[in-house]
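This chain uses plain numbering: 1 for the first residue, then up along the sequence. Note that the structure is predicted; figures quoted are calculated from it, not measured. Counting convention: from 1, in listed order, for ligands and their atoms alike.
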Amino acid sequence: MTTVLSPDELEAKLRGVGATRYHNLHRFHRALHDGKLDRTQVQAWALNRYYYQAQIPAKDATLLARLPTPELRREWRRRIEDHDGSAPGEGGVARWLKLTDGLGLSRDYVTSLEGLLPTTRFAVEAYVHFVRDRSILEAIASSLTELFSPTIISERVSGMLRHYDFVSEETLAYFTPRLTQAPRDSDFALDYVRTHATTAEQQAAVVAALEFKCNVLWSMLDALDYSYVLGYRGPGVFAGPETPGAFAS
Ligand SMILES: O=C(O)c1cc(C(=O)O)c2c(n1)C(=O)C(=O)c1cc(C(=O)O)[nH]c1-2
C-alpha cells in the first residue's frame, strides 16, 4: 500500500531529489566553476544555455494560459516579465545575451540557434512540452529545480570570476537578480505543491516531475561534455574559432 506523505515529508523527498540529481553535481559544471574549461568550452556552454533561457518564458506562457485563478496567473505573469522584460533590452533573456556578447559571440549567431547541440534542442523542447501537456501540479513541480539554483549560481559566479580572465562581473550580471527571483519563485511553487499534492498518486507525480526536470538539465550537460570535453562533436554545431559567423567582429 502506498502511504500519503505529510507536506514536510513530501518537501524532504523533493529536496532529496535535488541533493542527488541536480546539475551542480555534473562534472561539466564542476569543470566550468573550477576554471578547467577553455574559452571555446565556456562559449559552447553559454551558447547552448541561451536556448534554455529563451524558451523559459515560452514554457511559462503555456502554463499561464491554463492557470485557473487571477492569483496564480499574476504569479506566473511575473516570471514571464522577469525573463522578457517590459521593454527591449530588459529582462533575463537580454541579460543572457550580454553574457554571450562578453564571451565574444555574435548575437545573430547565438539567436539563430545554428550552432546548438541537437540534445540541447531536444531537452529544452521536452521541458516546454512537459509543462504544456502535464497537469498543472506536475508543471509547477517541474520548476522546483529553482530551489537548488541559488547555491550553484553563487558557486558559478565566484568560481568563474576567479578562474577565467575572459569573464567579468558585468558579463555575469545575468545571475545577480536570479539570486532573489529564484527563491521567491520556488517558495511559491513549493508552497503550491505542498498544499495541492495530497494523494499518494499526486505526490509520486510531483517527485517524478522534479526528477524529469533534473534529467533535462543533466542531459544538456552530458551533451556539452561529450561534444566539447571528450571531443566527439557532431556535424554543424559550434566548433570554436573556425565557426563561420560565430564571432562579433
Ligand atoms: O543557473 C542555473 O543553474 C539555473 C538553473 C535553473 C533551473 O534549475 O532550472 C534555472 C535557471 N538557472 C535560470 O536562470 C532560470 O531563469 C530558470 C527558470 C527555470 C524554470 O524552470 O522555470 N529554471 C531556471
Side-chain angles (χ1 to χ4, degrees), residues 14-15 17-33 42 45-64 67 72 75-85 90-100 120 123-132 134 136-160 167 171-190 192-193 206 209-222 224:
L14 292 165
R15 289 188 184 278
V17 171
T20 48
R21 291 173 180 242
Y22 193 52
H23 63 174
N24 64 316
L25 301 169
H26 198 287
R27 68 175 210 140
F28 188 91
H29 260 166
R30 288 218 303 277
L32 175 71
H33 305 161
V42 176
W45 167 74
L47 173 76
N48 278 274
R49 173 66 193 267
Y50 166 78
Y51 188 51
Y52 182 73
Q53 296 306 138
Q55 288 299 303
I56 289 286
K59 79 87 188 167
D60 285 325
T62 70
L63 180 56
L64 178 65
L67 293 173
L72 282 170
E75 183 63 31
W76 238 263
R77 196 171 71 207
R78 205 189 41 216
R79 290 179 181 237
I80 299 174
E81 283 160 5
D82 285 345
H83 290 279
D84 282 340
E90 293 177 2
V93 181
R95 283 203 316 281
W96 195 268
L97 287 170
K98 295 233 169 76
L99 170 57
T100 55
T120 304
V124 170
E125 286 174 1
Y127 183 32
V128 179
H129 295 167
F130 183 94
V131 169
R132 183 191 67 193
R134 298 299 186 100
I136 290 171
L137 187 56
E138 288 168 291
I140 291 180
S142 69
S143 73
L144 281 176
T145 43
E146 289 234 79
L147 278 175
F148 320 116
S149 71
T151 314
I152 194 180
I153 287 175
S154 308
E155 276 170 23
R156 180 177 305 142
V157 170
S158 59
M160 289 180 75
V167 163
T171 50
L172 293 183
Y174 169 79
F175 294 108
T176 313
R178 290 310 300 165
L179 292 170
T180 43
Q181 290 166 353
R184 183 201 63 203
D185 292 349
S186 61
D187 284 352
F188 180 89
L190 181 61
Y192 183 91
V193 166
V206 297
L210 184 55
E211 287 175 351
F212 161 82
K213 171 68 172 304
C214 287
N215 292 342
V216 166
L217 296 170
W218 196 274
S219 60
M220 287 166 61
L221 296 180
D222 278 351
L224 282 164

Keeping the roles fixed (side chain from H33, backbone from G159), state whether a donor-acceptor pair exists under 3.5 Å. no
Numbering the atoms of ligand 1 from 1, which are under 4.0 Å from a heavy atom of Y127? 20 (C), 21 (O), 22 (O)
For residues Q181 and R184, is any side-chain donor paired with an opposing acceptor at under 3.5 Å? no
Starting from atom 23 (N) of ligand 1, which protein heavy atom do you reach first, and at what distance in Å? Y52 OH, 3.2 Å
Which ligand 1 atoms does I56 reach within 4.0 Å, using its non-hydrogen atoms? 18 (C), 19 (C), 20 (C), 22 (O)
For S142 and ligand 1, does the shortest N/O to N/O distance drop below 3.5 Å? no
List every atom of ligand 1 that sits less than 4.0 Å from any heavy atom of I153, numbering the atoms from 1 in the order shown and giving each element. 1 (O)
What about F175 and W96, are their ring centers closer than 6.0 Å? yes
Among all the protein's non-hydrogen atoms, which is closest to atom 16 (O) of ligand 1, and how far away is it? H83 CE1, 2.8 Å
What residue and atom, counting heavy atoms only, is the protein's closest point to atom 10 (C) of ligand 1, and at what distance? E146 OE1, 3.8 Å
Per-atom filter on ligand 1: closer than 4.0 angstrom to a heavy atom of R156 are 1 (O), 2 (C), 3 (O)
Are L14 and V193 close enough that some pair of their side-chain heavy atoms sits under 4.5 Å apart? yes
Can you report which non-hydrogen protein atom sits closest to atom 22 (O) of ligand 1, along with the distance? K59 NZ, 2.8 Å
Starting from atom 11 (C) of ligand 1, what is the nearest protein heavy atom, named by residue and atom, and what distance separates them? R49 NH2, 3.6 Å
Test item: R79 side-chain N/O and D60 main-chain N/O as donor-acceptor pair under 3.5 Å: no
The answer for which part of D82 has a heavy atom under 4.0 Å from ligand 1 is neither
Identify the protein heavy atom lying closest to atom 3 (O) of ligand 1, giving its residue, its atom name and the separation to 0.1 Å. H23 NE2, 2.9 Å
Which of the ligand 1 atoms, numbered from 1, are nearer than 4.0 Å to a heavy atom of Y22: 3 (O), 5 (C), 6 (C), 7 (C), 8 (O)
Which residue and non-hydrogen atom of the protein lie closest to atom 7 (C) of ligand 1, and at what distance in Å? T145 OG1, 3.3 Å
For Y174 and K98, which I'm curious about, is there any donor-acceptor pair between the side chains at under 3.5 Å? no
Would you mind listing which atoms of ligand 1 come within a distance below 4.0 Å of any non-hydrogen atom of L217? 7 (C), 8 (O), 9 (O)
Keeping R30 on the side-chain end and L25 on the backbone end, is there a donor-acceptor pair under 3.5 Å? yes
Does F148 reach ligand 1, in the sense of a heavy atom lying below 4.0 Å from it? no
Should the proximity of R95 to ligand 1, defined as any heavy atom under 4.0 Å, be assigned to the side chain, the backbone, both, or neither? neither
Is the closest N or O pair between H29 and ligand 1 shorter than 3.5 Å? no
Parallel under 30°, tilted from 30 to 60°, perpendicular over 60°: which one fits the rings of F130 and F212? parallel
Considering only the protein, which heavy-atom contact is closest to atom 14 (O) of ligand 1, and what is its distance? Y174 OH, 2.5 Å
So is S149 polar-close to ligand 1, meaning N/O to N/O under 3.5 Å? no
For I152, the atoms of ligand 1 under 4.0 Å from one of its heavy atoms are 3 (O)
What I want to know is whether D60 and ligand 1 share at least one N or O pair that is separated by under 3.5 angstrom. no
Between Y192 and E75, do the side chains contain a donor N or O and an acceptor N or O under 3.5 Å apart? no
Any donor and acceptor pair, going by atom type alone, linking the side chain of T171 with main-chain N or O of V167 inside 3.5 Å? no
Using heavy atoms and a threshold below 4.0 Å, how should the contact between D185 and ligand 1 be classified: side chain, backbone, both, or neither? neither
